[in-house]
Peer 1: 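I am attaching a structure below and will ask some questions about it afterwards.
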2 protein chains.
Amino acid sequence: MKKKAPEPRPRSAGRPAGGAALSKQRIAEAALAHIDAFGLGAFSMREIAAQLGVYPATVHWHVSTREALLAEVAATVMAQVTPPKGTLGWQAWIAELFRRCRTAVRQHPNVAQLLGAQLVSNGSLPTELVEGVLAALTEAGFDGEPLLEAYNCVIAAMLGFLTMEFSPLPADNTQAWAEELRERVHTIRPLDHPVLTRHLPQLANRAFILRWDNGTTVPLDSSFERHIQITIDGLEAFARRVAQAASSSS
Amino acid sequence: MKKKAPEPRPRSAGRPAGGAALSKQRIAEAALAHIDAFGLGAFSMREIAAQLGVYPATVHWHVSTREALLAEVAATVMAQVTPPKGTLGWQAWIAELFRRCRTAVRQHPNVAQLLGAQLVSNGSLPTELVEGVLAALTEAGFDGEPLLEAYNCVIAAMLGFLTMEFSPLPADNTQAWAEELRERVHTIRPLDHPVLTRHLPQLANRAFILRWDNGTTVPLDSSFERHIQITIDGLEAFARRVAQAASSSS
DNA sequence: ACCTGAACACCGTTCAAGT
DNA sequence: ACCTGAACACCGTTCAAGT
């Protein structure tokens, strides 16, 4: 199944004549396409080098490191998620951000695992996203320390849910594993877990930890919408607390 | 720096005499210790085999797969987080769960990345945790579809935040990377990002995406506490909505 | 049942050398 | 500046063979 060194186009060393030189951009695109098609587990520097008809060292000349390439890929996926400013109230703006982010991740679900890890520790800052969230929360009345706390909550709520919704299943024998987990879920002892047992029909394969499919095959649409609402309701309560504290101390 | 095949104790094949046979348990402990000491990037089947003074194949005889071992490790870390039932109200119980979970992760920050990925798609179900959350949410008045939604929100909020707070920095030249990111953060263009610029002193190295240290060196204590409060406030608002809808339709 | 010893098919990264 | 060709030091997993 695996290809080896580039046989199709045995070119010679040096910069190609046609101006068809490789670029960070093109490499990132190829990597994203490959990850979309075969998953993050199948990703490797050598694989995408082969894909591009080039030696592994060539990729390294453009990209420096595997980690940097994956960060680039993650940034690409998140590039268009920030909603435009100004037209929406802060609650609607944040809700829109959540939804656009999920839409983007759903188009590239295999990249989801990178978001928490790579976007958070990222060289290519999505500054518009940060600015947008801060602007929305400022409009909500947050400032200083509460602003920081509300911001961290928003980012964690958004990326956290998506990371988990699309977290990959065991790579190997998914079939057997799913069957075993389904079995295990349905043989939970009712006496020790009465609430779980009672609601199992509602929860099975739709609740975190009780799933054997991920968001690619069983999307958690209503849970995500509810997650948005809960987050925004919580933020509004926080804003009220802040306003209260300010007025009572004046 | 790296060790090779087990030289210290060149034993012969077969089950060891002293009853000191290897076990899944002992392997998981060794793996956890190694990950705590050197990070998840330094983890490998061969490494922990060497650590235990055996051949790689021996580890595979007990553990089947690398992925399974890491799932075991993640489960070990999460083993003791579920608070006892009955003594607390549902809000306090959930808050306690969040705090105990963070305490556990702080003792093994390098496993954080596994939580979202491994706990969610896990063979060894932490059924007490699931049962506990469901019991708390039932006490809050949730049932049926809303129960599912509230549950998913709780799990995502808890694990999502922790995954991000302790998400690892670039493995290679952390020093240079941190310096570059700090530089980049402080040269953000004020005209394009007025809100960000204004609050940068508050946010730098303490807000997601604007950090160059992770939770191990710069813990986000107050943000996490606020995250708990926002989540619970949001859940209470959700419970009120549900109650309202039920009474208005009766 | 539990482990050795060796092999297979991969990795990321580096580096001299070419053009 | 951009790429080849080859090497280095690793991987996870499998498998016959030992005890």
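The structure displayed is predicted, hence computed values, not measured ones. Chain naming here is simple, since letters A, B, ... match the order of the sequence lines and numbering starts at 1 in each.
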Peer 1: Considering only D:dT4, D:dC11, D:dC15, which nucleotide approaches the side chain of B:E47 most closely?
Peer 2: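 Selected nucleotide (nearest to the side chain): D:dC11.
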Peer 1: Is there a side-chain contact between A:T65 and the phosphate of C:dT13, meaning an N or O under 4.0 Å from OP1 or OP2?
Peer 2: yes
Peer 1: Quick one: look up who C:dT19 pairs with, Watson-Crick or G-U, both distances under 3.5 Å, and put none if it's unpaired.
Peer 2: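 Result: D:dA1.
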Peer 1: To the nearest Å, how far apart are A:L69 CG and C:dT13 C1'?
Peer 2: 14 Å
Peer 1: Pick base, sugar-phosphate or nothing for B:T58, based on heavy-atom distances below 4.0 Å to the nucleic acid.
Peer 2: base
Peer 1: Taking CG from B:L52 and C1' from C:dC2, how many angstroms apart are they, rounded to a whole number?
Peer 2: 14 Å
Peer 1: Just checking B:R46: base, sugar-phosphate only, or nothing, at a heavy-atom cut-off of under 4.0 Å?
Peer 2: base
Peer 1: Can you tell me, in whole Å, how much space there is between the P of D:dA9 and that of C:dA9?
Peer 2: 22 Å
Peer 1: Whole-Å distance between D:dC3 C1' and A:H60 NE2?
Peer 2: 15 Å
Peer 1: Please determine, by modelled atom types, if A:E47 and A:H34 share a side-chain donor-acceptor pair under 3.5 angstrom.
Peer 2: yes
Peer 1: Rounded to whole Å, how long is the line connecting atom CG of A:L22 with atom P of D:dA1?
Peer 2: 17 Å
Peer 1: According to a strict under-4.0 Å criterion, is B:Y55 in side-chain N/O contact with OP1 or OP2 of C:dG5?
Peer 2: yes
Peer 1: In terms of relative ring orientation, are B:F98 and B:H227 parallel, tilted or perpendicular, with 30° and 60° separating the classes?
Peer 2: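 Taking B:H227 first and then B:F98, their aromatic rings sit tilted (interplane angle of 30° to 60°).
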Peer 1: To the nearest angstrom, how far is A:I48 atom CD1 from C:dC11 atom P?
Peer 2: 12 Å
Peer 1: In whole Å, I'd like the distance from the CH2 atom of B:W61 to the P atom of D:dT14.
Peer 2: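 After rounding, the reported distance stands at 15 Å.
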Peer 1: Across all strands shown, which nucleotide pairs with D:dT13 by Watson-Crick or G-U wobble geometry, both distances under 3.5 Å?
Peer 2: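 D:dT13 is paired, partner C:dA7.
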Peer 1: Specify the separation, in whole Å, of atom CE of A:M45 and atom P of C:dG12.
Peer 2: 6 Å
Peer 1: Could you tell me how far apart B:R26 (CZ) and C:dC3 (P) are, to the nearest whole angstrom?
Peer 2: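 Taking atom P of C:dC3 as the reference, CZ of B:R26 is at 9 Å.
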Peer 1: Check whether any side-chain N or O of B:S44 sits under 4.0 Å from OP1 or OP2 of D:dG12, and answer yes or no.
Peer 2: yes
Peer 1: Do side-chain atoms of A:D36 reach the backbone of A:H108 as a donor and acceptor pair under 3.5 angstrom?
Peer 2: no
Peer 1: State plainly whether the residues A:R182 and A:E179 are in salt-bridge range, i.e. N to O under 4.0 Å.
Peer 2: yes
Peer 1: Whether A:H62 contacts D:dC3 is assessed here as follows: a side-chain N or O lying under 4.0 Å from the phosphate OP1 or OP2. Is that the case?
Peer 2: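 Yes.
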Peer 1: Grab the two heavy atoms, one from A:L148 and one from B:A207, that are nearest each other, plus how far apart they are.
Peer 2: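 Where A:L148 meets B:A207 most closely, the heavy atoms are CD1-CB, 3.7 Å.
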